Amino acid sequence: MEQLLQIFLFIVTIAVAYALGSIVESEHYVSIEKREKDCLSLPVVTSYKIEEKDNILEARLVYGSVVISVDYFKRFLAVLRNFTGGRLTAYESLLDRGRREAILRMKKKAQELKADIVLNMRFETFPIGGLSSAQPGASNCFEILAYGTAVRLKS
Amino acid sequence: MELTSVDLWLNKRIELTSVDCVPGKKIVAHFGIVQGSTVRARHMGSDIAAGLKNMIGGELKGYTKLLEDSRKEAMERMCRQAEMLGANAVINVRFATASITQGAAEIMAYGTAVRTE
């Protein structure tokens with residue numbers, strides 16, 4: 001009886017995590033897409049060079065970061081996926097929206113500085129132990145950092 | 001994520017860039033590497049909140065803020081070192097993180113201190 005109850009609880013947890021997790025994810029994607037459209041006018045590039053050398057007013061480091069974690073249901077799926085190998089779609093979308101969010105936050109700071117372009121943008125991804133840091137490598141939680149040099153041109 | 005006073009204060013005293021020059025300015029002296037780091041542990045309260053949030057996924061705001069604050073502290077230490085050397089800019093700034101023990105992380109910022117005209 002007790003085991004049945006445990007299995008039941010497990011299924012309920014997974015179902016709730018699945019429902020809430022997919023709502024959170026789709027809402028996040030909607031907001032990301034909206035904000036990306038809003039700041040399309042600010043180019044972000046990974047190159048060093050800038051053409052208008054004499055026309056620069058100021059340059060500043062800008063960065064944006066986000067800590068993002070995968071939901072319980074997807075973690076369960078990932079464990080199953082490990083048997084067969086292949087793409088871990090759950091983690092792909094996690095890292096994708098993390099990166100886009102980090103860029104957006106960096107862009108927001110650049111816009112506050114009235115920058116015209118962000119040069120040499122770089123990403124860093126740090127796995128954070130999360131709650132299962134007992135097993136290293138089994139990270140459910142990532143910090144994603146995007147940073148670059150915001151350049152403001154003389155108008 | 002507003003620009004805080006720390007951001008502005010950091011930016012005013014020492015110019016930081018992630019490229020190998022200060023765009024629009026000429027470098028007159030190099031002082032070599034400067035670095036700043038800090039080791040932070042997670043807060044119990046935010047850990048519990050994060051544990052709950054971990055269930056449904058998404059952003060863990062408590063951790064984002066914690067790491068943000070730590071990074072600012074690391075940058076501030078780096079800037080202080082650069083000031084001591086007589087620099088007024090740090091170019092090629094890079095960030096690194098290492099987990100030390102369970103629940104603690106080192107956040108580090110490093111770059112090359114230079115003086116511009």
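Quick caveat, the model's predicted, so the values are computed rather than measured. Reminder, nothing fancy here: chain letters follow the sequence lines and each chain counts from 1. Values below: all heavy atoms of this structure, side chains included; hydrogens, waters and symmetry mates excluded.
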Query - Sidechain N-carboxylate O distance under 4.0 Å for A:Arg105, B:Glu68 - result: no
Requested in this report: Grab the two heavy atoms, one from B:Thr17 and one from A:Ala59, that are nearest each other, plus how far apart they are.
Outcome: CG2-CB, 4.3 Å
Report summary line: Closest non-hydrogen atoms of A:Glu124 and B:Phe95, given as atom of the first, atom of the second and distance, are OE2-O, 3.5 Å
Query raised in the report: For B:Ala96, is it the side chain, the backbone, both or neither that has a heavy atom under 4.5 Å from a heavy atom of chain A?
Result: backbone
Query raised in the report: Picking from B:Lys65, B:Glu59, B:Lys25, which has the most non-hydrogen pairs under 4.5 angstrom with chain A?
Result: B:Glu59
Requested in this report: Tell me, out of A:His28, A:Glu101, A:Arg75, A:Arg122, who's got the most heavy-atom pairs with chain B below 4.5 Å.
Outcome: A:Arg75
Report task. Check B:Leu60 against A:Cys141 and note the closest heavy-atom contact, atom names and distance. Result -> CD1-SG, 3.3 Å
Query raised in the report: A:Ala19: what forms a side chain to side chain contact (heavy atoms under 4.5 Å, CB included) with it, not counting sequence neighbours?
Result: none
Report summary line: Bottom line for A:Glu25: the part with an atom under 4.5 Å from chain B's heavy atoms is neither
**Report entry** Region of A:Leu119 in contact with chain B, defined by heavy-atom distances below 4.5 Å
**Finding:** both
Report summary line: Applying a strict 4.5 Å limit to non-hydrogen atoms, the region of B:Arg71 in contact with chain A is side chain
Requested in this report: Verify the neighbour count for atom CD of A:Gln3: are there more than 12 heavy atoms of other residues, nucleotides or ligands below 6.0 Å?
Outcome: no
Query raised in the report: Would you say B:Ile27 and A:Tyr48 are hydrophobically clustered, going by side-chain heavy atoms of ILVMFWY under 4.5 Å?
Result: no
Requested in this report: Work out which heavy atom in B:Ser18 is nearest to a heavy atom in A:Asn120; give both atom names and the distance.
Outcome: O-ND2, 2.5 Å
Query raised in the report: For the atom pair OG1 (A:Thr149) and CD1 (B:Ile91), what is the distance rounded to the nearest 0.5 Å?
Result: 10.0 Å
Query - Spatial distance of atom CG (A:Leu145) from atom OG1 (B:Thr97) [nearest 0.5 Å] - result: 7.5 Å
Query raised in the report: Sequence neighbours excluded, which residues qualify as side-chain hydrogen bond (donor to acceptor under 3.5 Å, both in side chains) partners of A:Gln6?
Result: none
Query raised in the report: Within a reach of under 6.0 Å around OH of A:Tyr18, are more than 12 heavy atoms found that belong to other residues, nucleotides or ligands?
Result: no
Query raised in the report: Mind checking whether A:Tyr63 and B:Val93 sit in one hydrophobic cluster, side chains of I, L, V, M, F, W, Y counted as touching below 4.5 Å?
Result: yes
